[in-house]
Each structure stands twice: as C-alpha cells, then as structure tokens.
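A quick write-up on the structure given underneath.
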Amino acid sequence: MKNLSPADAAALEAVETREWLESLDYVLTQSDKGRTMRLLDALRARARQSGVREPFTSTTPYINTIAPSDEVPVPGDREIERRIKSLVRWNALAMVVRANRESDGIGGHISTYASSATLYEIAFNHFFRGKDAGADADLIYFQGHASPGIYARAFLEGRLSETDLRNFRHELRKEGGLASYPHPWLMPDFWEFPTVSMGLGPLMAIYQARYAKYLENRGLKPASDQKIWAFLGDGETDEPEALGSISLAAREKLDNLIFVINCNLQRLDGPVRGNGQIIQELEAVFRGAGWNVIKVVWGSDWDDLLERDTEGLLVRRMHETVDGEYQRYVVEDGAYLRKHFWGADPRLLQMVSHLSDTQLKHLRVGGHDPIKVYNAYRAAVTTKGLPTVILARTIKGYGLGEAGEGKNITHQQKKMNEADLRSFRDRFNVPIPDDRIADAPFYRPDDKSAEIAYMKERRLALGGFVPKRVVAAPEIRPAMTGVFEEFAEGTKGRKASTTMVFVKMLAKLLRDKEIGDLVVPIVPDEARTFGMESLFRAVGIYSSIGQVYEPVDMDTLLYYKEAKDGQILEEGITEAGSISSFIAAGTAYASQGVNTIPFFIFYSMFGFQRVGDFIWAAADARCRGFLLGGTSGRTTLAGEGLQHQDGNSHTLALSVPTCRAYDPAYAYELATIVEDGIKRMYGDREQCFYYITVMNEQYDMPAMPEGAREGIIKGLYRFSVSEPNPSTSLRARAQLIGSGAILNEVIKAQGLLAKYGVSADVWSATSYNELYRDAHRAERWNLLHPTEPKRVPYVTECLAGTNGIVVAASDYLKSQPDMISRWVGRPVVTLGTDGFGRSEDRAALRDFFEVDARHIAAATLSALHRQGDIDAATVTKAFKDLHINPEKADPALA
Ligand SMILES: Cc1ncc(C[n+]2csc(CCOP(=O)(O)OP(=O)(O)O)c2C)c(N)n1
Ligand SMILES: [Mg+2]
C-alpha cells in the first residue's frame, strides 16, 4: 500500500472498509449483538498487541443510540396526537404574541417550547404519571422557558381558561393571571418545582431522585416506580450546577432519574457550541460519569439514508459538521443543503439524488420525531441501575419559519405579523380562518371533540393531569414532650455553645416517638466541626448500599456508621447539593406526601451568600425546615479569617420573604424558636422556613427569664433590669440590646457602665429581621387606615416605657440593629461588624470591630455625653480606663 498513489490508496482503503463492514453485517445477521461485541473486543485486543494505540474516546458516532431495528411503534393514535400537539403549539404561540401586542415588552418565549413540543407531548400522552398514581406519581421539572406550552396544554385539558391565557404575565389582574415561569409560590395548585434560574432544576432533580430512594430505603415511602424527569436546555448545561453532581446520580444508581436535554443547539445569544457539537460534548460528560446516554439525533427520515451508508461516509459527514453549520442548514433551503452538506462528497450527493430539495430540507431531526422520542423514553423508564440522559436534537423556534426558526434572534422572538401567523397556522394545520388569523385567537375544540377526549383519556389512564401540586401529607401536632424543657433551666454553671445545645436538641428530636423518624439531619462534611459525630452511631449515615467495609474506627463508640436506613444525609462538601436535599426534604409534605423535617447545618458563611439562589427557590417551592448557620458571627468564629467569618447572613436572609431568621444567644432561646417553628410549620401549616445562626463560643447558659417566650419569638425581650443609680440623674440610663454571642458582651458592658453611674437594662434581640417586618406591617396598616387608632410596632411597644440612650450591638452588619432605629422613638447607637474578618482570637476581633464590652460601654457613655446626660470628665476618664483608641482605623474598610 505504501507504494500506491494517494488516489489508488484511497480506493483500496474504501474497498477494504467495505469488506470489513460486510463481514460485520454478516455476523450481525447470523448471530446476536453479544457475538458482535466479542468480535470487536478481539479485534481491539489484536490491534493493541501490535502496538496500535486507540485514541481515548468517550463518545459514540453522531447517530441515534437506539437502532431502528430495536424500535417499537408508538402506541395510540398518532394522527390525533399530532393534531393535539399542533393545537398546543398554536395556543402557546398565541399567548405570547397577544401578551406582547397588548403590553409591549411584557416578554415570554415562543422558541423554547416550539423546539420541545414533541419531547413534552410524547411524555404527556404516554409517560408522565399524575398524582392519582400514588407513590408512582412522577415528579417533573419543566424547562422554565417552555411554560407557554405547558399552560397551552392545560388550557386544552380544560384546566385553565381563556382568561388565564390572556392574563399570561399579568398576574396582578383582578381575575388573576399566569406566572411567567414555574413558580409554586404563585401557582401553588399547578407548579411543583421552580426551574427558571438555570442550573438549579437539574441539580435539585438529582437530589430529589436521591431523596426518593432515601425515603423508600427508610420505609417512609413505599417502594415505587416513580420517575423524576428534568427537562433542560442545552445552553443551560453550561451552568456548573447543571452538571456538577451528575456523578452522584450514577454512584447512587438513580434509575428513577431521567434528564431530557433539549438540544436545539442554541441559547439566547447564539449557538451553544458553534465550533463544536454540544450533543457529543454532553455525551462524553454523561458517559464518563456513568449515565445511560440515549442520543436522539436523527428522525426516521434518515434511517433509510443511514442504512445505505455502507461506507460510513454519511456518519463521518455528520460527525465533522459543527453545530454552527447545522444551525445554518436550518435557515437555508434544500439546494443549499445539497451543495454544502451532501456536496462534500460525490458519493453523498449520489445517496440523495432521489430526493427533491424540498424533501432534503424536511428531513426531520430526532427530537421532532415521535417514534424516536417515544422509544428513547421507553428505554429510559425501563433502564435499571443507572440514570438516563436523553440528548434530543431539536430546532429552536421550530415552525416559526422566516419569523425566527433557527435564527440567532429566535430566543427573544415574541412578535409575529399576520403573514408569520398565517404560515405557522398553515404549517401545523390549525383551523383558524383567514379573517381571524391576525388576532391570534386562542383555539380550543369542543369538549366532545376527538382531540380533547383523547387528551383527557390519556391523562386519566396515566394518573391525572400534570403539572399539579397537591399537599398530600396531613398536618401534625407533635407534643414533643421532654424534648425542650431542659433547655429552659440553663446549664447551671457548665459552659456550652449554642451549637452544642442544638446538637443535643436534635438528638432528642431524633428520639422523639412521634416525629423522630421524620427528622432529617443534613450536613456537608462538617458534622465533626459541629460536634455531631455522636449522631453517626445513633441514627446512622444514609448509604444506599449500607456499609460494605469495616470502618477504621469500628471499635470506638462513635464509629462512622453507614446504613441503608441511616437517617443522616452526610452530603460531602457540597452546599449546593445539601441545600437541594433540604429542598427535597422540606417540600416532601407536598411532592412525596411525607412531613419530613430537615435540619441542614452548614458553615454560615457558605450558606446564603454561596447558595442564595437555591434558598430563594426553596422559598418559591414553599419549603419548610430549619437552616442552621453554624460557626457564625464575624467575631465569634475565631481564627478562620476573612472568607469564613460571617457577619452578613442575617442581612441576606432578610431578603427571603418566608425565611424567619434568628440570632439566639442562649439555650432556652434556641429551644423556644425550634419548638415554635415545628408547631408553626407542620401544625399550623404556616408557609415559612427558619434560618438560625448557632455559634461555637462556650459560655454559661442562663435559665429562661419569666415571660420571655413571646419576645423570643417576636425578636426582642428584656433580659435584665437594673435599678437607676440614686447618685446620678435619672437620665443617665441606657437600654443595651445584644444578640447572639454579643449579648454576653452587652451584659459585661452593663457592669462596666455601673462604675460610671449609668444604669442599663439589657435586651436580647433574637431577630432584627422579625422586628423590622413587624414594624413595617404596623406602619403600612397605619398608612392605609389614617382615621383609625394606630397600631404600635412591637419594638416600639417594648421600649416605650424605658429611659435612656439605646445602644444595640450585633455580630452582624450594623444595618441589622439600624433596622429598628426608626421605631424606637429616640436615637439608637448601633455597633456591628461591617468589614472584612481577620484571623484572630475573639477578644482581638471584638476589639477590632468595636463590639466588645469596652466599646459598647464607651459608645454608651459617648452618646450620653453628647445628649448632656454625663459630663466630659466622666467620658474622658472612661475612654482612658477602657483603653479606647479614638484614632484607630475604621474596621469597615480596613
Ligand atoms: C441563571 C440564569 N441565567 C440566565 C438566564 C437567562 N436566560 C433565560 S433563557 C436563556 C437561554 C436558554 O438557552 P437554553 O438553555 O439552550 O434553552 P433553550 O431555550 O434553547 O431551550 C438565558 C440565558 C436564566 N434564566 N437563568
Ligand atoms: Mg438551547
């Protein structure tokens, strides 16, 4: 061969290739696929022995994974299904077009659903199981931007009215409207899972699937055939959250999980991988992670061409064509395709010589072919032992033609003129007469029509309509006797941290007869940090396969016990994964019908500011449970420095409307909050979840003062009163407010101030956020009811009968105490920890941030002097005694 001319060598190679392929075909027809595999293995081994080094490949050829010979026909009536799909398409488009005609710029998306209609319709008619399927009911994460299609189907099903559709993106209209995207907060009977912040859906779906297995393995849910479906965009997979945990899904053998990636090759601005192939790239990533990958690239029209591709030319051409070119072929005509795709090789041109340009143009891609999609789903739902991803090639804006199909502007296309509408109608055969087309009217055939009857019949057979959100779990009113009482007594001289108290409380809750089983501790590899290792042995760490090794600490009391029915979700170092488990557990009262109560404890700095978008989605999803920000407090977490010391999270928590955030100092405060929280969320069904910061500083926990309960929950109560000093004027008084570990500094400051003749009461502010919300509620009510007696904010009520300057110190941003200053009725001096943390011990940190007892006392005296309540000599002396350096750098920017 070496001496041959290039042309002869190529010809010889072609002959050789053909002979080999014919041999392979022979084996394929004569024996089974196993024989073929063995033969290929033998060839590979021989080549290796002779020094052939195959390049590593994690992909398969750019063709469908399922061979046509393995396909089954789609059951049911294809013609009716096609008509239904066309009607859904039309109404989805009309909804967006009309919304934008009425209010320019209101938004909405046509192209996403246009590309995924077949992916959804096949699932709706044949796969998705509704709530009536009980434990088998599927959980479905719809692609956020496909919502118009989901609404349009619900309209045809008779679940949404024409008014609802007209009020798409007009939620505030009198009759109500439809939310832009899947938001359970806004449509609690419809949407189950928020998905529109890209990347969150796929990650939450993985942990949802894992949580379903957890519930089954722990006996909290019957074994089922439930599937968790996540529909996502190909562009969305660039979000790290989308692919970040796919290895977990394979490791956990989540065969209840199906990803459907709508590979329309485009995102918002342009192609996802213009210079490459997103389908191949995703295949490599998912295969490498151990998923079952099903590529649905080509429609049935291509089967015959591929069958005739005896030399592998077409497959090679498919493989070498980049996505940017594929996108171009969508917008160009058949002649262009013939020239540029098929024209690459005369033999390819020959292969399609029997097809007209129009036929060439209309060779369908896989994601628009019901047979291909049906067979992919069929394979997915029967796959055992591993998760499945379906990579479906579609066309963005399918059917929009000139108005946007495959164009780079298509994602944003929301307006269509009469001609555009007419051609869309013609393409999908929607029975709207010419004289009405310009209005883009909604269209719903009569209830008795074959289409509507068919849709309903199919959904009935599959367990009812989807999406549908149902709260299936009963309300519970646990007595929790013996769980919280001891914390009201304090530690009687023994030192403890609020973290230790929390862990003890959690251990008792886990043993509670009524709700012990429902408690779900979640931790991202910080259990030892929080002193939770005693729980390992007590309730076990969840492992879907139990423990197949003898742990290194087997002979110790607190060994690392993994068990199939283990209760702790030890997630490893993933706050994003852990919060996804939290969301699955905290919404299980609806999605799985089980009232699980999650307690997710994490390094507080890596909570709100790291996974804040998930926490927002948790609120949207109507999540319940407890988030515990551990090692919190900018000056309370010693040593760890700038990235670890949290002074921010309460401010971030304020932004989440249903999040009740608390910064307790003492055991009884924490106990009161947790007990109240469980009752509120699971008994009263209040729609909220908790964020509680707990600290690692150890100190004596006092007994609960009489009558403190209500104040603890509302956010403020008086901890101690000191009588006015008879030797000074009555005005030399102060009301000192502290929270978290800084409360102890405030109490010390109370003692320091006494030396300067200032008597001070001490208050514990367990939640500035709650005080602020309460005050605004009252203020708003007053504003709207100008002639009625005023409502008094709780914080005003608390401080109304008191005297003296108000000084509030926090281990968080000064904005926390600042939030109540408007309602106190007199100036408030606020101390807080604005700025970057430092690696130091607590004393140095509190000096640096000016929140220790000395600075609290000095701030009080300084303010008292300014308002004329103490003289200059006293404050000057105090500054000297307390070693206050007035020229010290401002920690806010140091
Ligand atoms: C976190 C996040 N970033 C940005 C957006 C804005 N956005 C909405 S859709 C979109 C493009 C979607 O492309 P793709 O995932 O491929 O979905 P397709 O519409 O093509 O099916 C973008 C950038 C978002 N919704 N969420
Ligand atoms: Mg896309």
Side-chain angles (χ1 to χ4, degrees), residues 89 92-93 96 105-120 123 141-150 169 179-183 191 193-205 229-244 259-274 276-282 285 296-297 322-324 326-327 330-331 365-368 373 389-400 404-414 576 579-580 610-617 620:
R89 285 182 183 285
L93 170 126
V96 178
I106 198 85
H109 299 84
I110 298 172
S111 300
T112 301
Y113 179 75
S115 65
S116 52
T118 301
L119 301 179
Y120 285 116
Y141 291 73
F142 292 95
Q143 201 186 343
H145 298 80
S147 64
I150 312 305
R169 293 188 169 229
S180 48
Y181 301 116
H183 294 304
W191 295 114
F193 307 111
T195 47
V196 77
S197 176
M198 301 193 150
L200 305 197
L203 192 77
M204 290 192 287
W229 300 78
F231 288 77
L232 48 150
D234 47 0
E236 182 172 10
T237 61
D238 280 335
E239 292 284 5
E241 291 87 349
L243 302 182
F259 271 21
V260 180
I261 307 188
N262 173 18
C263 295
N264 54 28
L265 315 186
Q266 292 178 243
R267 42 179 165 71
L268 194 153
D269 285 338
V272 179
R273 292 287 184 277
Q277 291 178 320
I278 188 64
I279 291 178
Q280 295 299 90
E281 188 178 321
L282 289 173
V285 174
V296 183
V297 192
V322 293
D323 287 355
Y326 277 124
Q327 186 190 344
V330 171
V331 298
V365 293
H368 294 293
V373 174
V389 59
I390 292 164
L391 302 171
R393 165 80 166 97
T394 63
I395 289 170
K396 190 143 179 166
Y398 187 68
L400 295 188
E405 186 174 83
K407 294 184 176 172
N408 277 336
I409 49 92
T410 192
H411 187 83
Q412 308 283 66
Q413 180 61 286
K414 348 190 164 288
I579 191 78
S580 299
R610 175 141 191 156
V611 291
D613 204 18
F614 281 96
I615 298 177
W616 185 253
D620 185 354

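Both counts, for ligands and for their atoms, begin at 1 and track the order of listing. Computed from heavy atoms alone, side chains included, the values below leave out hydrogens, waters and symmetry copies.
- Across Trp191 and His183, no two heavy atoms sit closer than the pair CD1-N, 3.5 Å.
- The nearest pair of heavy atoms linking Gly367 to Val373 is O-CG2, 3.8 Å.
- Counting heavy atoms from C-beta outward, Ile261 and Leu232 have side chains that approach closer than 4.5 Å.
- Heavy-atom minimum distance, Tyr398 versus Ala114: CB-O, 3.3 Å.
- When all heavy atoms are compared, the tightest approach of Asp238 to Arg273 is OD1-NH2, 2.7 Å.
- Put simply, the residue from Glu405, Gln413, His411, Gln266 that forms a side-chain hydrogen bond (donor to acceptor under 3.5 Å, both in side chains) with Lys396 is His411.
- The tally of protein N/O/S atoms under 2.8 Å from the Mg ion (ligand 2) stands at 3.
- Using bins of under 30°, 30° to 60° and over 60° for the plane-to-plane angle, the ring pair His145/His109 lands in the perpendicular bin.
- When only modelled atom types and interatomic distance are considered, Gln327 and Asn408 share a side-chain donor-acceptor pair under 3.5 Å.
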Identify all pairs of nitrogen or oxygen atoms, one from ligand 1 and one from the protein, separated by less than 3.5 Å, and list them with distances.
unit_1: ligand 1; atom_1: 15 (O); unit_2: Gly235; atom_2: N; d: 3.4
unit_1: ligand 1; atom_1: 15 (O); unit_2: Glu236; atom_2: N; d: 2.9
unit_1: ligand 1; atom_1: 16 (O); unit_2: Asp234; atom_2: OD1; d: 2.8
unit_1: ligand 1; atom_1: 16 (O); unit_2: Gly235; atom_2: N; d: 2.8
unit_1: ligand 1; atom_1: 16 (O); unit_2: Gln266; atom_2: O; d: 2.9
unit_1: ligand 1; atom_1: 17 (O); unit_2: Gln143; atom_2: NE2; d: 3.1
unit_1: ligand 1; atom_1: 19 (O); unit_2: Thr112; atom_2: OG1; d: 2.6
unit_1: ligand 1; atom_1: 19 (O); unit_2: Lys396; atom_2: NZ; d: 2.7
unit_1: ligand 1; atom_1: 20 (O); unit_2: Asn264; atom_2: OD1; d: 3.1
unit_1: ligand 1; atom_1: 20 (O); unit_2: Asn264; atom_2: ND2; d: 2.9
unit_1: ligand 1; atom_1: 20 (O); unit_2: Gln266; atom_2: O; d: 2.9
unit_1: ligand 1; atom_1: 20 (O); unit_2: Lys396; atom_2: NZ; d: 2.6
unit_1: ligand 1; atom_1: 21 (O); unit_2: Gln143; atom_2: NE2; d: 2.8
unit_1: ligand 1; atom_1: 21 (O); unit_2: Asn262; atom_2: ND2; d: 3.4
unit_1: ligand 1; atom_1: 21 (O); unit_2: Asn264; atom_2: ND2; d: 3.2
unit_1: ligand 1; atom_1: 25 (N); unit_2: Val196; atom_2: O; d: 3.0
unit_1: ligand 1; atom_1: 26 (N); unit_2: Met198; atom_2: N; d: 3.2

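- With contacts defined as side-chain heavy-atom distances shorter than 4.5 Å, the pair Leu400/Leu93 qualifies.
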